[in-house]
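For reference, the structure discussed in these notes is given below.
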Amino acid sequence: MRSYVQLLFDVAAEKLPYLNEVPVFFDNPKQESHGDLACNAAMMLAKNLKRRPLDIANEIVNELKFDSSLIEKIEVAPPGFINIKFTHGYISGIINTVLNKSDSFGKSDLHSGKKAIVEFVSANPTGPLTVGHGRNAVSGDTIASLLEWIGYSVDREYYFNNAGRQMRVLGDSVKFRYLQLLGEQIEFPEDHYQGEYITDIARKLHEQYGDTLRENAPADLFKDTAEKEIFADIEKTLKSIGIVFQTYYNENSLYADGKIDDVLKQFKDNNLSYESDGATWLRLSEMGQDADKVIIKSTGEPTYRLPDIAYHTTKFNREYDLIVDLFGSDHNATYTDVLAGLKALGHDTDKIKVLIHQFVTIMQGKEIVKMSTRKANFITLDELIAETGRDAVRYFFNMRSITTHLNFDLEIAKKQTDENPVFYLQYAHARISSIMRMAEEQKIGFSDNPADGLSHEDEIRLLRKLWQFENEVLIAAENFEPQRITVYLEELAAMFHRFYTSCRIIGSEKAVAEARLTLSAAVRQTIKNGLSILGVSAPERM
RNA sequence: GCGCCCAUAGCUCAAUCGGAUAGAGCAACAGCCUUCUAAGCUGUAGGUUAAUGGUUCGAGUCCAUUUGGGCGUACCA
């Protein structure tokens, strides 16, 4: 329908060439009296044409030759909006569209044939995932789903560093705990990983190897064991909230297959790097950044920038049309260096969309819980899932725009009451399921032509809302804004609950009852589809 | 000091390239279950969108300055 309306304007533009001077957009008006689609082109044109927007709007409307079976009317409203109202027959048709498309309703093929990669979580395996990682995980997974819904073929990827200093400290942390288990009186360094999970890993090693690791442990045994154990936990946690990655890309492999050397050579060959004080520096100040930065330390060890750049070149080499990186705000200073480096190597960095999500503040009542992996006074994602459930975790993290700080009050999250909006949606779904079971017993079936049985304002509102779903998914996906889906679903559910109160199904005359049942089925399907984008379950009973 | 991000109702948050009267939930108050799930519905109250100035037909949204907060500012990641 949007494309049909667009076509009407294209036709009008043949007589009114000025229409080509501005982009013509169609909004879903907030207010019902403004129709189903609104266009503001006349006002955008007013200045250039030096004419009154109302006159321009009227001129445009006169050139719009529309099919009266689809569009009821097109009106001009001050200061110059063009409001388009669909016919009841057309808008009612959404019910059959929903039921026919079923689990695919809301999907569009605007970007089909394109490949996208979404990199998220990417936490280094130095400890269990925290609540902060949880936000990243849920947002990233949902953004990936959204992209799939608008046609992209999407790979979810997790990148982690397992080559640097951090991992050495991790290995040493396990070793110290191991030695303590053997009864040695050593002080555990304050800057090492303090968590209980470190001792657990040490204990496992002790069970397996006894005290033989005191003297002749294989070089990387402590580190490798820690990485393996912790990573297994991370994967398990992610799986418990329905997140599965296509690939886990690790830093070590970039050294093994020579990609680090390749990039380094390219920098050198193109005079983009230089040596100073025994270190290798990248000429970032010539790439629009504040200062040059070290990519290889005087110790010979690269800083994170070099492997990160090398890693991203693999994304370009893998020919993705869209490259999405989702980081926490603590990375906000690092990604610009990486982008600058990639651009200098000749990559089209416009394909990269870097998303920075703000931090999660954990509240225990009114008290702020300060989190630090090293000090291990964090709340783990596992604990959060155990206390609130998978659906609540996924819904809560998707409820807000990723750009805003998020307060997660553990006391509220633990409550399974109506303060928790996920139940409101699931309840609507379960309620409709219940009606459908009941209707079946009463031999009330679906209507092939529900339009005639629907006239109540609460019914009309639902129809219009269903019609908007596909576009909502599109906007949410293109802007990487999962919270738009939760907002939409809450509005849809509220409309349904109202309709439920005002429009009875069982007991109404047959044509009306069947039309309402069919509408309810379409609402149920749409709620289910929306929840599935978010990764939240849609229960049949509650 | 510098960079990025944030500031909307008592609280937590929405608001589609800048659009029409800034919306929800929770909390508060008043109602609605002999009838399809009351985890629901209806109504009331709640706002100088942190402040000031600017851009324009029109600003929560864009620009400048200020205030308050978060994260960075490494030869850590």
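Order of the sequence lines fixes the chain letters, A, B, ..., with proteins taken first and strands second; residue numbering starts at 1 for each chain.
Taking the side chain of A:Arg400 as heavy atoms from C-beta on, and the options B:A77, B:A14, B:G69, the nearest nucleotide is B:A14. For A:Met43, the listed nucleotide lying nearest its side chain is B:C57; candidates were B:A20, B:C57, B:U37. Residue A:Gln358 has its side chain nearest to B:G70 when only B:G70, B:C41, B:C36 are considered. Relative to the side chain of A:Lys297, the nucleotides B:A20, B:C76, B:A39 differ in distance, and B:C76 lies closest. Comparing B:A39, B:A24, B:G40 against the side chain of A:Phe423 picks out B:A39 as the nearest. Taking every side-chain heavy atom of A:Ser329 into account, B:C71 is the closest of B:C75, B:C71, B:A20. Nearest nucleotide to the A:Arg504 side chain, out of B:C75, B:U35, B:U16: B:U35. Considering only the side chain of A:Met438, B:U37 comes nearest among B:A20, B:U37, B:A15. Counting only heavy atoms from C-beta on, A:Ser434 has its side chain closest to B:C36 among B:C36, B:C41, B:A38. You'll find that the side chain of A:Ser298 is closest to B:C75, out of B:C75, B:A20, B:A14.
Residue whose closest nucleotide on RNA chain B sits further toward the 5' end, between A:Ser276 and A:Met399: A:Met399.
Rounded to whole Å, the separation between the P atoms of B:U55 and B:C63 comes to 16 Å. Look at the C1' atom in both B:A27 and B:G10: the space between them is 8 Å, to the nearest Å. With both ends at atom C1', the span from B:C2 to B:A24 equals 39 Å, rounded to whole Å. When the P atom is used for both B:U21 and B:U49, the distance is 15 Å, rounded to whole Å. Taking atom P in both B:U42 and B:C5, the straight-line distance is 40 Å, to the nearest Å. A distance of about 30 Å separates the P atoms of B:A22 and B:U65, rounded to the whole Å. Using P as the reference atom, B:C75 and B:C13 are 36 Å apart when rounded to the nearest Å. Comparing the C1' positions of B:U67 and B:G53 gives a spacing of 15 Å, expressed to the nearest Å.
Contact check on A:Asp458 versus A:Arg461 returns a salt bridge, with a Lys/Arg side-chain nitrogen under 4.0 Å from an Asp/Glu carboxylate oxygen. For A:Arg464 and A:Glu32, the salt-bridge test fails: no basic side-chain N is under 4.0 Å from an acidic carboxylate O. Here A:Arg437 does not pair with A:Glu441 in a salt bridge; the nearest charged N to carboxylate O distance is not below 4.0 Å. A:Glu75 has no carboxylate O lying under 4.0 Å from a charged side-chain N of A:Lys85, or vice versa, which leaves the two without a salt bridge. Ion pairing between a basic and an acidic side chain is recognised when a charged N comes within 4.0 Å of a carboxylate O; A:Glu540 and A:Lys528 show no such pairing. Looking at A:Arg165 and A:Glu301, no side-chain N of the basic residue comes within less than 4.0 Å of a carboxylate O on the acidic one, giving no salt bridge.
Stem regions annotated for RNA chain B: B:1-7 with B:67-73, B:10-13 with B:23-26, B:28-32 with B:40-44, B:50-54 with B:62-66, counting only runs of 3 or more consecutive pairs of Watson-Crick or G-U type with both contacts under 3.5 Å.
An OP1 or OP2 oxygen of B:A14 is reached within less than 4.0 angstrom by a side-chain nitrogen or oxygen of A:Thr404. Listed pair A:Tyr488 / B:U16 fails the phosphate criterion, with no side-chain N or O lying under 4.0 Å from OP1 or OP2. Contact annotation: A:Arg431 does not reach the phosphate of B:G40 (side-chain N/O to OP1 or OP2, under 4.0 Å). The phosphate of B:A77 (OP1 or OP2) has no side-chain N or O of A:Tyr311 nearer than 4.0 angstrom. Using a 4.0 Å cut-off, some side-chain N or O of A:Lys30 falls inside it from OP1 or OP2 of B:A20. Phosphate contact (OP1/OP2 of B:U12, side-chain N/O of A:Asn407, threshold under 4.0 Å): present. Between A:Gln468 and B:U16 there is no side-chain polar atom (N or O) within less than 4.0 angstrom of OP1 or OP2.
For A:Asp330 against B:G72, a side-chain-to-base donor-acceptor contact under 3.5 Å is absent. Counting atom types as modelled, A:Asn83 pairs a side-chain N or O with a base atom of B:A20 as donor and acceptor under 3.5 Å. Put simply, the side chain of A:Asn332 and the base of B:C5 share no donor and acceptor less than 3.5 Å apart. The base of B:U16 has none of its N or O atoms less than 3.5 Å from a complementary donor or acceptor on the side chain of A:Glu472.
Using a 30° and 60° split on the angle between ring planes, A:Tyr500 and A:Phe496 fall in the tilted class, from 30° to 60°. Ring-plane geometry between A:Tyr311 and A:Tyr249 is classed as tilted, the angle between the planes lying from 30 to 60 degrees on a 0 to 90 degree scale. Aromatic ring pairs are classed by plane angle as parallel below 30°, tilted from 30° to 60° and perpendicular above 60°; the pair A:Phe469 and A:Tyr488 is tilted.
Both geometric conditions, a ring-centre gap below 5.5 Å and a plane tilt below 30°, are fulfilled for A:His34 over the base of B:A20. A stacking contact between A:Tyr427 and B:G40 is absent: the pair does not combine a ring-centre distance of less than 5.5 Å to the base's six-membered ring with planes differing by less than 30°.
Between A:Thr130 and A:Val360 there is no side-chain heavy-atom pair separated by less than 4.5 Å. Counting heavy atoms from C-beta on, the side chains of A:Lys353 and A:Phe480 come closer than 4.5 Å.
Residue A:Ser401 is classed as a sugar-phosphate contact, given heavy-atom separations below 4.0 Å to backbone atoms only. Counting any heavy atom pair closer than 4.0 Å across all strands shown, A:Leu406 reaches sugar-phosphate atoms only and no base atom.
Within residues 507-526 of chain A, no residue approaches RNA chain B, by heavy-atom distance under 4.0 Å.
Around CD of A:Glu478, the count of heavy atoms belonging to other residues, nucleotides or ligands within 6.0 Å exceeds 12.
Taking the syn range as angles within 90° of 0, the glycosidic angle of B:C33 is syn.
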- [ ] Give the C-alpha distance, both sets of side-chain angles, the deciding distance and a yes or no for side-chain hydrogen bond (donor to acceptor under 3.5 Å, both in side chains) between A:Asp325 and A:His312.
- [x] CA-CA 10 Å; A:Asp325 289 348; A:His312 275 82; 2.5 Å; yes

